[in-house]
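Heads up, the thing below is written out as structure tokens.
Nothing fancy with the numbering, it's 1 onward along the sequence.
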Amino acid sequence: MRFIKRFFQAIALPSLFLAVSGYFVWHAMHGERGLIAREQRFADIAAARAELGRAEAEREAMERRVSGLRGERLDRDQLDERARALLNMVGRDEVVVPYPPERRLY
């Protein structure tokens, strides 16, 4: 009986240490701020940066188109194109080529 008692006393502290270490290792991997969550955050950041790049490119394209409609440098061709698109009108000698809504020109 004494042997069993000494065995459990000898193994209690190392097993407690292993249990606590295992707890922290598991949370280091799977926790809210663990390595797996870190990789997910990096993927989210990369997706957000890609979306930011697309949004900036779209904004720059819009700024280029709007700059042609400003007062001091009015681009007559662009103004005519925009007016026809908004008013849905064409000239008598023009041909209209329809295109699907997902392939917009501007």
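Within the model, atoms CD of Glu51 and CD of Glu56 stand 11.0 Å from one another, a figure rounded to the nearest 0.5 Å. Annotation: the span from Ile11 atom CD1 to Leu16 atom CG amounts to 12.0 Å, rounded to 0.5 Å. Gln40 contributes atom CD, which lies 10.5 Å from atom CD1 of Ile45 (distance to the nearest 0.5 angstrom).
Note: His30 and Trp26 have tilted aromatic rings, judged against thresholds of 30 and 60 degrees for the angle between ring planes.
Of all the heavy atoms in Ala10 and Pro14, the pair that sits closest is O-CD, 3.3 Å. Of all heavy-atom pairs spanning Ala37 and Gly31, the tightest one is CB-O, 3.8 Å. Across all their heavy atoms, Arg41 and Arg33 have their closest contact at NH1-CA, 4.2 Å.
The pair Arg59-Glu63 meets the salt-bridge criterion, with a side-chain N (NZ, NE, NH1 or NH2) lying under 4.0 Å from an Asp/Glu carboxylate O.
Checked against side chain to side chain donor-acceptor pair (under 3.5 Å), Arg49 has no partners two or more places apart in sequence or in another chain.
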